A.B. asks: 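First the structure, then my questions, so here it is.
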There are 2 protein chains.
Amino acid sequence: MSLESFTYDWPRPAVTVDCVVFGLGLDGMSVLLVRRGEEPFKGSWALPGGFVREEERLEDAARRELVEETGITLSFLEQLYTFGAPERDPRGRVITVAFYALVQELEQPPLVATGDAAEAQWFTEHKLPKLAFDHASILKLARTRLQGKVSWQPIGFDLLPRLFTLSALQRLYEVVLKRPLDKRNFRRKVLALGLLVETDQLRRGPGRPAKLYRFDKEAYARAEAEGFVFEL
Amino acid sequence: MSLESFTYDWPRPAVTVDCVVFGLGLDGMSVLLVRRGEEPFKGSWALPGGFVREEERLEDAARRELVEETGITLSFLEQLYTFGAPERDPRGRVITVAFYALVQELEQPPLVATGDAAEAQWFTEHKLPKLAFDHASILKLARTRLQGKVSWQPIGFDLLPRLFTLSALQRLYEVVLKRPLDKRNFRRKVLALGLLVETDQLRRGPGRPAKLYRFDKEAYARAEAEGFVFEL
DNA sequence: TCAAAAGTGTTTCGGGTACACCCATGT
DNA sequence: ACATGGGTGTACCCGAAACACTTTTGA
């Protein structure tokens, strides 16, 4: 019996991927949005995303659409949730697999906007425009997930440059968790993890120079393999 | 401009839902499987599931397929993850939105097997058969999620009958978390939550009769609204 | 010399864990 | 009377939280 004889004839929804890309802004988290160049919702802001190709893994589709529409490079990408309400797209049944992603620096090569996107831009989470489709709920869910995940998985480092100060790390956690943290407790705890490597570099600027640290990915991989849980 | 003019012409994968249904067995968790009545993998055990209909929400599809194939009633259902590897189904591109679900008692009306399923049966997690497609990974992920979620969301009660003893609750947590718990500490902690209501009923059997409790859903809803987090 | 940010220890409190015996019933 | 599971209190320990001043640099 050939494989062809198994082939389904079934109502097939369209399948897209959409991506919530977070960056660390000066004023809270930032989210990358694109202005739609096509109907429906032409001219509205929306999450970057698009159709999944025939032989493409879902995550690859998300990465590809992001490069196509914004030219950005991700340091973290994970599936978020699949949204499939029948009425979520006026064109008909479109199921979208949503992802959320982190980038290390907002100042990547200036955002390009191509593909379906007419424009790409960072928005701080406090001044978001109306979003197309059900993208506002997707974004909300992604923000919640980020907040929940950051304290028990070391994904925060994906929002910082490779070398960072402890104060920068603390600011990051304060922004993501939406609450102030005690400086001394934070430093003690984060250093006790044994996952930060002190470099001999300094960050200079106003005030006392600060030691720069990097996250020791290998040490984390080893510790994780032995049942260590991150927890911050 | 009419909506029709927006309609996409795009390679459309088939979309299915699959469901990992957990019940509390005598020997650890049990999972509900169906024997496939159709190719591919005809005769193999698989997760219950099937195609999403044109105008159907994903969760509804999962519920419908479960009733169709096994006649079971769920007390909890949540989306798990979407599996979309291009090669996961020999028939072509099939993306499946996986769910996991809990039932309160294994002894529901005797399992019926209809639809695509030739047979439906509970398996303890320790003696699982080979599964069709990538269903083994789906099951594994669901089991991990269950374990992770049970300590900070009161979903464990969805595995017990409405009235239960504290010992039964403890056994449940021990099974799900895969570790022994201290009886006194467990009771203190769980009662301190203030979410259990002592009834005047007793469970009789060998040994001393045990008080029966029920979970106070309303109290939990109220507490949750005020920012309370379950945590056990 | 002043402004700005970095860096540093100790005490207190609460929750987590460990632990062993008596009680009420059915057989 | 004995087997079976139900029910109860205390002591210790460790991690979390609260808290304020000194240091180093650039302007």
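Chain letters run A, B, ... following the sequence lines, proteins first, then strands; residues in each count from 1. Everything quoted here is computed from the prediction, not taken from an experiment.
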A.B. asks: If you only use heavy atoms from C-beta on, which nucleotide in D:dG6, D:dG9, D:dA17 is closest to the side chain of B:Thr165?
C.D. replies: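 Given the options D:dG6, D:dG9, D:dA17, the side chain of B:Thr165 is closest to D:dG6.
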
A.B. asks: Remember a base hit wins even if backbone is also touched, and classify A:Arg204 as base, sugar-phosphate or nothing at under 4.0 Å, heavy atoms.
C.D. replies: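 A:Arg204: backbone/sugar contact only, no base atoms under 4.0 Å.
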
A.B. asks: Starting from the 5' end of DNA chain D, give me the residue, A:Asp182 or A:Pro209, whose nearest nucleotide shows up first.
C.D. replies: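 The residue closer to the strand's 5' end, by nearest nucleotide, is A:Asp182.
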
A.B. asks: Roughly how many Å is it from CD in B:Gln170 to P in D:dG6, rounded to a whole number?
C.D. replies: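 Between P of D:dG6 and CD of B:Gln170: 9 Å.
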
A.B. asks: Would you call A:Glu78 and A:Lys149 a salt bridge, taking side-chain N to carboxylate O under 4.0 Å as the test?
C.D. replies: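 So A:Glu78 pairs with A:Lys149 through a salt bridge.
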
A.B. asks: Between B:Arg143 and B:Glu125, is the closest basic N to carboxylate O distance under 4.0 Å?
C.D. replies: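 Looking at B:Arg143 together with B:Glu125, the answer is yes, because their closest N to O distance falls below 4.0 Å.
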
A.B. asks: Can you confirm whether A:Leu160 sits close enough to A:Leu169 that some side-chain heavy atom of one is under 4.5 Å from a side-chain heavy atom of the other?
C.D. replies: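 In contact.
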
A.B. asks: Is any NZ, NE, NH1 or NH2 atom of the basic residue among A:Arg222 and A:Glu218 found under 4.0 Å from an Asp or Glu carboxylate oxygen of the other?
C.D. replies: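 Answer for the salt bridge query: no.
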
A.B. asks: Is there a donor N/O on one and an acceptor N/O on the other, under 3.5 Å, for the side chain of B:Arg188 and the base of D:dG9?
C.D. replies: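 Between D:dG9 and B:Arg188, which were checked side chain against base, a qualifying N/O pair under 3.5 Å is present.
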
A.B. asks: Could you tell me how far apart B:Glu231 (CD) and D:dA16 (P) are, to the nearest whole angstrom?
C.D. replies: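 It works out to 13 Å between those atoms.
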
A.B. asks: Could you tell me from which nucleotide to which nucleotide of DNA chain C, 5' to 3', there is an atom under 4.0 Å from chain B heavy atoms?
C.D. replies: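 From 5' to 3', the first and last contacting nucleotides are C:dG16 to C:dG26.
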
A.B. asks: Scan A:Lys183 against the nucleic acid and name what it touches under 4.0 Å (heavy atoms): base, sugar-phosphate only, or nothing.
C.D. replies: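 Base: the residue A:Lys183, judged by heavy atoms under 4.0 Å, touches a nucleobase.
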
A.B. asks: Separation of A:Phe230 atom CZ from D:dG15 atom C1', in whole Å?
C.D. replies: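 That distance rounds to 16 Å.
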
A.B. asks: So, does the side chain of A:Asn185 form a donor-acceptor pair with the base of D:dA18 at under 3.5 Å?
C.D. replies: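 In this structure, the two groups form a donor-acceptor pair.
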
A.B. asks: What integer distance in Å separates A:Lys211:NZ from D:dT24:C1'?
C.D. replies: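 Spelled out: NZ on A:Lys211 to C1' on D:dT24 is 12 Å.
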
A.B. asks: Using atom CZ of A:Arg184 as one end and atom P of D:dC19 as the other, report the distance to the nearest whole Å.
C.D. replies: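 Checked: the CZ to P distance equals 10 Å.
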
A.B. asks: So does B:Leu47 get a backbone contact from the side chain of B:His135, meaning a donor-acceptor N/O pair under 3.5 Å?
C.D. replies: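 Yes: the side chain of B:His135 pairs with the backbone of B:Leu47.
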
A.B. asks: May I ask you to check whether B:Arg203 and B:Ser167 show a side-chain donor-acceptor distance below 3.5 Å?
C.D. replies: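 Not at all, the side chains of B:Arg203 and B:Ser167 share no donor-acceptor pair under 3.5 Å.
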
A.B. asks: Would you mind reading off the distance between A:Leu181 atom CG and D:dA18 atom C1', rounded to a whole angstrom?
C.D. replies: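 Spelled out: CG on A:Leu181 to C1' on D:dA18 is 14 Å.
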
A.B. asks: Is it the case that the side chains of B:Thr82 and A:Thr82 hold a donor-acceptor pair, with the cut-off being a distance below 3.5 Å and no angle test?
C.D. replies: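 The answer is yes; a qualifying pair exists.
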
A.B. asks: Whole angstrom is fine here: how far is it from CG in B:Leu191 over to C1' in D:dG7?
C.D. replies: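 After rounding, the reported distance stands at 11 Å.
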
A.B. asks: So for B:Arg208 and D:dT4, does any side-chain atom that can act as donor or acceptor lie under 3.5 Å from a complementary atom in the base?
C.D. replies: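 No such pair is found, so the answer is no.
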
